[in-house]
Amino acid sequence: MNINEALFPSGIKMAAVGGLIWSILLGGVLLNKFWLSIFDLLFLLAPCVVVPLTLSLVPAAQDHLPSRINGSVIRHLLLPGAILATTSFFLQDGRTAGALTVLWLFVGISLALDGLTRLIRTRLQSFQEFCFAIGEGYALVGALWLLASRM
């Protein structure tokens, strides 16, 4: 698969920058500069590193309109969603922190819809496509737990 055929082609670059930001946050926690817990850091590992990196491996379906729409939503909301989700960990008010994770929730919803269309399109004939679809569905589960933890 060519990197330009991926669902999020620039995911490797975003994961590298996200990994640097996550490492800075880890250093701040170790030096007692931030009040984040280990669970907060684990939550932040997904939007900063794991999701962008894995989306650079998921092939995009260019021939179906719902997949193109979901791919566009993912490409445009992934970076702002990750930034706002990271910012939400530095707020004390649960409603405001929860509101900042809404973009990340939209990313999770778009990924789950893309996984659903992938399942419908392939009709469970390809184990590889099935794994991609289930993985995209888990992104929604993670986004919902992120929202619950921030509220």
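Predicted model only: the values in this text are computed from it and were never measured.
- L124 contributes atom CG, which lies 11.0 Å from atom CD of E129 (distance to the nearest 0.5 angstrom).
- For the residue pair L91 and L100, the shortest heavy atom distance occurs at CD1-CD1, 3.3 Å.
- When side chains are defined from C-beta on, D40 counts as touching R150, because their heavy atoms get closer than 4.5 Å.
- Within the model, atoms OG1 of T101 and CG of L147 stand 4.0 Å from one another, a figure rounded to the nearest 0.5 Å.
- Listed here is the closest heavy atom pair of A85 and L44: O-CD2, 4.1 Å.
- Annotation: the span from L113 atom CG to R118 atom CZ amounts to 12.5 Å, rounded to 0.5 Å.
- Under a hydrophobic-cluster definition in which Ile, Leu, Val, Met, Phe, Trp and Tyr are linked whenever side-chain heavy atoms come within less than 4.5 Å, directly or via other members, L55 and L116 are assigned to different clusters.
- At least one side-chain heavy atom of I83 sits under 4.5 Å from a side-chain heavy atom of L79.
- Side-chain contact check for R75 versus S10: every heavy-atom pair is 4.5 Å or farther apart.
- For the residue pair A82 and W104, the shortest heavy atom distance occurs at N-CE3, 3.7 Å.
- No continuous path of hydrophobic side-chain contacts links I120 to L140 [ILVMFWY only; heavy atoms under 4.5 Å].
- Under a 3.5 Å cut-off, the side chain of S72 and the backbone N or O of I69 do not form any donor-acceptor pair.
- Considering all non-hydrogen atoms of both residues, P52 and A15 come closest at CB-N, 4.2 Å.
- The aromatic rings of F89 and F43 sit tilted relative to each other, their planes meeting at an angle between 30° and 60°.
- V51 and L42 fall into different hydrophobic clusters, where Ile, Leu, Val, Met, Phe, Trp and Tyr are joined by side-chain heavy atoms under 4.5 Å apart, directly or via other members.
- Residues I12 and L53 meet the side-chain proximity criterion, which asks for heavy atoms closer than 4.5 Å.
- Partners of F39 by side chain to side chain contact (heavy atoms under 4.5 Å, CB included), not counting sequence neighbours, listed by chain and number: S37.
- Few gaps surround CZ on F90; more than 12 heavy atoms of other groups in view lie less than 6.0 Å from it.
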Passes side chain to side chain contact (heavy atoms under 4.5 Å, CB included), N70 versus E136? Steps please.
CA-CA 12 Å; N70 287 329; E136 287 177 316; over 6 Å; no
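- Contact of the S110 side chain with the H76 side chain is not registered, since no non-hydrogen atoms from C-beta on lie closer than 4.5 Å.
- F106 and L144 fall within a single hydrophobic cluster, where Ile, Leu, Val, Met, Phe, Trp and Tyr side chains are chained together by heavy-atom contacts under 4.5 Å.
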What pairs of donor and acceptor atoms, side-chain ones from residues 19-29 against any protein atom, are under 3.5 angstrom apart with sequence neighbours left out?
{"residue": "W22", "atom": "NE1", "partner": "L41", "partner atom": "O", "Å": "2.7"}
{"residue": "S23", "atom": "OG", "partner": "G19", "partner atom": "O", "Å": "2.8"}

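- Other residues, nucleotides and ligands place more than 12 heavy atoms under 6.0 Å from the CZ atom of F34.
- Between G108 and A143, the closest heavy-atom pair is CA-CB, 4.3 Å.
- Under the 4.5 Å side-chain heavy-atom criterion for Ile, Leu, Val, Met, Phe, Trp and Tyr, I38 and L30 are members of distinct hydrophobic clusters.
- Atom-to-atom distance recorded for M151:CE and D93:CG is 9.0 Å, nearest 0.5 angstrom.
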